[in-house]
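Residues take their numbers from the sequence shown, with the count starting at 1.
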Amino acid sequence: MGARMTEKDLFEIIRRQSEQIDGLIAENKALKAEIARLKKRIEELERRERKYAAPFSREKRTADPKSPGRRPGEGTFAHKAPPTPEQITATVEVDTPNTCPRCGFTGPLIFTRQDKAWVTELVPQNAMQVTEYHVPVMECPQCHHAVRGDHPDLKSDQVGATSHRLGPVLHATLQTLHHELGLPVRRIGRVMDLLGGLQITQGAITHAAQRLAADGSALAAHVDALQTQIQQAPFVHHDDTGWRIGAQNAWVGTFRSADTVLFRANLRHTNVEVREGLGHNFAGVLISDRFSSYDSRYLQDVRQLTSFSFKPHAGECRPRRLKSVPFLFPAQKAAPSRHISS
């Protein structure tokens with residue numbers, strides 16, 4: 001038999017056990033918090049892997065981001081220099097103007113000088129071609145306004161420091177390298193230098209992209225034409241995919257008809273973006289998933305068909321929801337739901 005425990009010894013045992021219980025409770029609480037944090041992170045990673053098309057997003061916006069571009073004193077700041085005579089492969093004489101755009105005078109103008117402009121382009125053999133344009137600059141004898149010769153390959157503001165520019169084929173090649181092949185802008189200049197000896201800066205590529213996407217440009221007109229084809233199509237599939245613009249959540253809406261695909265980047269995921277893509281007079285059939293934005297009262301006059309869910313193991317195609325579709329085509333009655341799927 002051991003020594004008889006006193007009341008003091010029992011209180012000491014109880015105190016130590018109480019401290020152990022408090023420590024275990026705190027540890028359990030911390031472990032639960034860590035498990036919750038890890039579960040949340042797993043859900044974020046799974047959702048991003050499954051849904052988002054921007055896997056390299058930093059998730060959080062920088063509190064004080066730096067402005068883009070080089071800092072003062074870093075690198076050389078200069079406009080694109082004129083080509084050397086040895087680099088010029090073709091010469092074009094621009095027609096002399098005979099009309100003053102300011103006062104409307106028509107007739108012989110007073111010759112003042114001859115400007116030069118250049119366009120660097122890629123030819124089918126991937127060689128660099130530099131075309132020199134001799135642009136006559138005249139003076140109106142009536143209002144003394146300077147009148148420059150016009151040529152379809154030259155821009156109206158292509159003069160002075162901006163007289164040497166790149167051609168449309170070369171512009172398209174640069175944007176394809178960046179947007180389709182994923183080549184960083186800072187490396188495109190080196191690639192073009194290795195391929196054809198072309199010297200081009202990051203700023204020139206960025207400014208070219210801005211001009212290409214500006215309102216009224218050829219690309220903007222082409223996108224408008226695609227939008228019109230979508231709005232006139234007999235049926236259109238639509239779906240949104242998660243995207244990121246910087247650290248901000250966004251969506252890429254896809255509109256697809258039988259022969260046209262149009263992508264629209266949006267900061268919201270509502271029926272407003274759907275109506276903007278389809279237009280107010282859409283008379284076709286909208287095929288989509290079960291997202292709630294398609295149930296908006298603003299789309300109640302649009303004929304809709306819900307896409308199917310396919311079970312590869314069961315080998316069956318089952319419709320989730322089918323709204324009233326009286327006619328799919330002018331001369332063809334609505335077919336059974338299994339014939340229209342996505």
Side-chain angles (χ1 to χ4, degrees), residues 1-74 178-179 181-187 202 238-254 263-274 288-297 306-321 342:
M1 296 292 294
R4 187 178 182 85
M5 299 183 64
T6 64
E7 183 178 354
K8 182 178 180 181
D9 295 333
L10 293 175
F11 278 117
E12 180 64 21
I13 293 174
I14 294 173
R15 185 188 64 80
R16 290 199 301 265
Q17 290 179 343
S18 178
E19 290 179 353
Q20 291 178 357
I21 292 173
D22 292 340
L24 291 174
I25 291 176
E27 184 180 357
N28 186 39
K29 185 177 180 180
L31 291 175
K32 286 184 177 180
E34 180 67 12
I35 292 174
R37 185 189 69 82
L38 293 176
K39 283 184 176 180
K40 183 178 179 181
R41 181 57 178 168
I42 291 174
E43 291 176 357
E44 291 177 354
L45 294 175
E46 290 179 345
R47 183 169 60 252
R48 188 190 308 173
E49 180 70 19
R50 180 178 64 254
K51 185 175 181 180
Y52 287 131
F56 303 107
S57 174
R58 297 181 179 179
E59 299 292 342
K60 296 182 180 180
R61 186 181 297 275
T62 304
D64 188 17
K66 297 180 180 180
S67 58
R70 293 175 292 179
R71 302 296 178 265
E74 295 182 359
H178 178 54
H179 294 285
L181 302 181
L183 193 65
V185 173
R186 65 180 181 275
R187 297 183 180 178
Q202 299 181 37
H238 176 264
D239 194 14
D240 285 324
T241 301
W243 195 253
R244 286 295 181 95
I245 300 178
Q248 184 175 6
N249 284 339
W251 288 266
V252 174
T254 304
F263 300 94
R264 293 172 58 96
N266 305 302
L267 295 178
R268 300 189 305 170
H269 185 33
T270 67
N271 69 87
V272 175
E273 289 70 36
V274 178
S288 61
D289 56 20
R290 302 183 64 185
F291 193 70
S292 59
S293 62
Y294 304 110
D295 295 328
S296 171
R297 60 187 179 89
T306 299
S307 59
F308 290 178
S309 62
F310 181 66
K311 298 181 178 180
H313 299 292
E316 60 178 354
C317 196
R318 180 176 300 172
R320 293 291 183 87
R321 180 184 59 191
S342 64

Participant: Thinking salt bridges, do Glu19 and Arg16 make one under a 4.0 Å N-O criterion?
Facilitator: no
Participant: How would you list, by chain and number, every residue that makes a salt bridge (charged side-chain N to carboxylate O under 4.0 Å, His left out) with Arg297, sequence neighbours excluded?
Facilitator: none
Participant: Calculate, to the nearest 0.5 Å, the distance between atoms CD1 and CG belonging to Ile35 and Leu38 respectively.
Facilitator: 8.0 Å
Participant: Do you know the tightest heavy-atom contact between Gly253 and Asp240?
Facilitator: CA-OD1, 2.9 Å
Participant: Quick one: side-chain hydrogen bond (donor to acceptor under 3.5 Å, both in side chains) partners of Arg268, sequence neighbours excluded?
Facilitator: Glu273
Participant: Below 4.5 Å, heavy atoms only, C-beta onward: do Thr254 and His238 meet side chain to side chain?
Facilitator: no
Participant: Could you walk me through whether Asp295 and Ser292 pass side chain to side chain donor-acceptor pair (under 3.5 Å), step by step?
Facilitator: CA-CA 5 Å; Asp295 295 328; Ser292 59; over 6 Å; no
Participant: Just grab all the salt bridge (Lys or Arg N to Asp or Glu O under 4.0 Å) pairs involving residues 23-34, residues at least two apart or on different chains.
Facilitator: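 Every salt bridge (Lys or Arg N to Asp or Glu O under 4.0 Å) pair that includes a residue of residues 23-34, provided the two are not neighbours, is Glu34-Arg37.
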Participant: Would you check if Tyr294 and Asp289 make a side-chain contact, meaning some heavy-atom pair closer than 4.5 Å?
Facilitator: yes
Participant: What do the steps show when you test Arg41 against Glu44 for salt bridge (Lys or Arg N to Asp or Glu O under 4.0 Å), and what is the final call?
Facilitator: CA-CA 5 Å; Arg41 181 57 178 168; Glu44 291 177 354; 3.4 Å; yes
Participant: For the CZ atom of Arg186 and the NE2 atom of His178, what is their distance to the nearest 0.5 Å?
Facilitator: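 The CZ atom of Arg186 sits 10.5 Å away from the NE2 atom of His178.
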Participant: Working to the nearest 0.5 Å, report the span between CH2 of Trp251 and CG of Leu267.
Facilitator: 8.5 Å
